[in-house]
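Heads up: the structure comes next, in structure tokens.
A, B, ... follow the sequence lines: proteins, then strands. Residue 1 opens every chain.
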Amino acid sequence: MSASDFQPVIGLEVHAQLLTRSKIFCSCSTEFGAPPNHHTCPVCLGLPGVLPVLNRRVVEMAVLTGLALGCEIQRRSVWSRKNYFYPDLPKGYQITQYDQPICEQGRLLIDGEGGERAIRIRRVHMEEDAGKSVHDPVRGISLVDLNRAGVPLLEIVSEPDLRSPEEAAEYMRSLRDLLVYLGVNDGNLEEGSLRCDANVSVMPKGSAQLGTRTELKNLNSYRFLQKAIELEIARQVLVLESGGKVEQETRLFDAERGETRSMRSKEEAHDYRYFPEPDLPPLVLDEGLVEAQAKALPELPRAKLERFRTQYGLPAYDAKLLTSERPLADYFEAVAAGYRDYKKLSNWFLGELLRLLKEQPTPIAALKIGPGHFAALLSSVDRGEISAGAGKEVLAEMFRTGAAPQTVIAERGLAQVSDQSAIEALVDEVLAKNPSEAEKYRAGKRQVFGFFVGQVMKAMKGKANPQVVNELLRKKLGG
Amino acid sequence: MRLTLEQVRHVAGLARLKLGPEEEQRYQQQLSAILEAMEKLRELDTESVEPTSHSTLSGFLWREDLSRQSLEVEKALANAPEKVGTAFSVPKIIE
């Protein structure tokens with residue numbers, strides 16, 4: 001058997017930090033970047049005698065996310081303790097949800113191989129994050145910062161419905177976009193506010209029997225996620241082909257070495273001894289909370305994408321990029337309200353605007369270009385008042401200063417001359433200066449045309465409307 | 001129900017407890033006695049009794065999502081045997 005005889009089977013577990021102000025069970029701030037242990041209190045330090053009190057906003061965000069994923073919202077869910085020892089878990093257990101999570105059986109639509117696919121969501125549950133440890137191998141110590149301990153997380157678990165590393169990355173992107181749309185997560189994989197583990201197995205094609213899976217950790221970018229799964233599939237195929245057995249284990253992706261390696265031996269297999277959390281009663285949802293979240297549900301990425309295709313007549317590629325971030329989509333619509341050539345507008349967004357945003361990363365909300373100004377600029381280009389090239393220069397200046405397009409055009413003298421008589425005078429002059437070239441053109445040497453255009457543009461410092469120049473030259477040269 | 005020594009060692013391992021041979025035997029006896037007491041309870045007919053996982057169930061207590069001043073960092077670190085800056089320092093964790 002060769003690699004192509006095997007079918008990869010992938011499921012993802014995603015942990016998303018919720019954008020609340022305070023932690024899940026205490027009032028400490030969730031703000032990122034404070035010095036170590038400055039956002040801690042007896043509850044999140046796990047001191048004896050304290051009790052957790054649930055943050056209502058966490059539940060609202062869990063319900064909102066569950067609704068967006070088409071889940072069944074459980075009116076009663078239960079908190080559990082997951083027991084393990086690690087210095088960044090001060091209580092010795094994590095409060096999480098186990099056998100009765102808040103949301104079950106949803107789905108996420110993604111662009112899979114061969115069209116749209118519905119990836120089933122097994123469950124969504126709430127839990128607290130652990131602290132952060134930094135290891136210092138030289139001094140033989142680990143430093144523990146508990147600022148993150150107790151930050152609310154949503155764990156979103158898919159069914160093993162993904163069939164390739166590319167699909168897994170696409171699922172992750174779609175889920176990220178959805179969570180950011182909902183305003184429950186900031187979508188930042190690099191800073192770890194969105195984390196992903198992958199369960200990977202392979203089975204002979206056509207088989208109904210799933211292979212033994214391994215769990216991959218440390219997949220903190222789409223590229224790493226895809227790469228790690230590719231490597232793991234190749235490794236498992238190799239093991240099976242050489243007659244071996246895949247061990248169920250946790251493996252760590254090492255980006256520098258380009259490999260996955262075993263993290264914990266089988267003997268230490270997880271034994272978390274889950275049991276119901278006695279400090280928190282089961283969570284019973286009132287209908288009011290669920291209804292309020294259903295009302296708060298915004299237009300979701302895929303619905304918006306479809307609408308961009310139909311309402312603005314945009315190709316799927318454009319629509320997808322424009323709707324990938326809600327602020328960008330909103331901004332596009334604001335400009336589109338004043339400019340009707342939507343495809344052209346999309347080109348300016350995906351070309352110039354995204355380039356400017358890449359050169360100088362700026363949140364859309366802080367963009368200085370007013371939507372009305374953006375629309376006015378494009379209208380100026382359409383009317384031939386400035387060239388497309390000058391338009392880009394003006395847009396860049398608007399991006400820097402927020403000035404009105406007309407101001408920038410006037411200040412920089414970018415207005416294009418479309419005035420027939422002004423251009424005609426210059427065309428005559430250029431033709432008079434170059435009689436032999438004109439002769440060549442008339443004798444059939446058509447390449448000379450470009451020379452004349454160049455001469456006229458040069459004389460007008462590039463500000464002549466090229467269309468007018470072309471027309472006049474053709475008329476004067478004849479033929 | 002009697003726990004095997006193997007089971008005692010497994011649970012001790014999970015709890016990061018290092019037990020001597022004499023302790024293993026003592027805990028084997030004590031833990032077995034607890035489990036046997038639970039077995040005894042099992043003899044009761046609880047068919048018509050709803051299972052109870054929680055004893056303090058009079059409505060659910062919420063917090064609104066407001067952040068407040070945390071503990072002063074000196075107090076947070078007061079029990080730390082070792083610290084570096086304001087971080088807890090512990091023996092290196094091996095992965």
With a 4.5 angstrom heavy-atom cut-off, which part of [X] approaches chain B: side chain, backbone, both or neither?
X	answer
A:Leu143	both
A:Val59	side chain
A:Leu146	side chain
A:Glu60	neither
A:Ser133	side chain
A:Tyr84	neither

* What are the two closest heavy atoms between A:Pro36 and B:Thr86, and how far apart are they? ->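 Answer, listing the atom of A:Pro36 first, then B:Thr86: O-OG1, 2.8 Å.
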* To do: Please name the pair of heavy atoms, one in B:Ser70 and one in A:Cys28, separated by the smallest distance, quoted to 0.1 Å.
  =>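 It is OG-SG, 3.1 Å.
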With a sphere of 6.0 Å drawn around [atom1] of [X], does it hold more than 12 non-hydrogen atoms of other residues, nucleotides or ligands?
X	atom1	result
A:Arg261	CZ	yes
A:Tyr98	OH	no
B:Glu23	CD	yes
B:Gln30	CD	yes
B:Gln69	CD	no
A:Lys132	NZ	no
A:Arg273	CZ	yes

Under 3.5 Å: donor-acceptor pair, side chain of [X], backbone of [Y]:
X	Y	answer
A:Arg21	B:Asp65	yes
B:Ser67	A:Ser27	no
A:Asp145	B:Ala87	no

* To do: Test B:Arg63 against every option in A:Cys26, A:Ser22, A:Pro52 by the side chain to side chain contact (heavy atoms under 4.5 Å, CB included) rule and name the one that passes.
  =>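 The side chain to side chain contact (heavy atoms under 4.5 Å, CB included) with B:Arg63 is passed solely by A:Ser22 among A:Cys26, A:Ser22, A:Pro52.
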Does the side chain of [Y] come within less than 4.5 Å of [X]'s, by heavy atoms?
X	Y	value
B:His10	A:Asp271	yes
A:Ile141	B:Phe88	no
A:Asp136	B:Lys92	no
B:Trp62	A:Val53	no

Output the distance between atom [atom1] ([X]) and atom [atom2] ([Y]), rounded to the nearest 0.5 Å.
X	Y	atom1	atom2	value
B:Leu14	A:Tyr272	CG	OH	11.0 Å
B:Arg16	A:Tyr86	CZ	OH	10.5 Å
A:Leu47	B:Asn79	CG	CG	6.5 Å
B:Glu72	A:Thr40	CD	OG1	10.5 Å

* **Max heavy-atom pair count under 4.5 Å with chain B, selected residue of A:Val134, A:Thr30, A:Ile24, A:Leu45** =>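 The candidate making the most pairs under 4.5 Å is A:Leu45.
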* Asked: Taking every heavy-atom pair that is under 4.5 Å apart, which of A:Arg57, A:His38, A:Arg139 has the most such pairs with chain B?
  ->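 Looking at each of A:Arg57, A:His38, A:Arg139 in turn, A:His38 comes out on top.
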* **Under 4.5 Å from any heavy atom of chain A - which part of B:Ala15** =>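 Answer is both: backbone and side chain atoms of B:Ala15 are under 4.5 Å from chain A.
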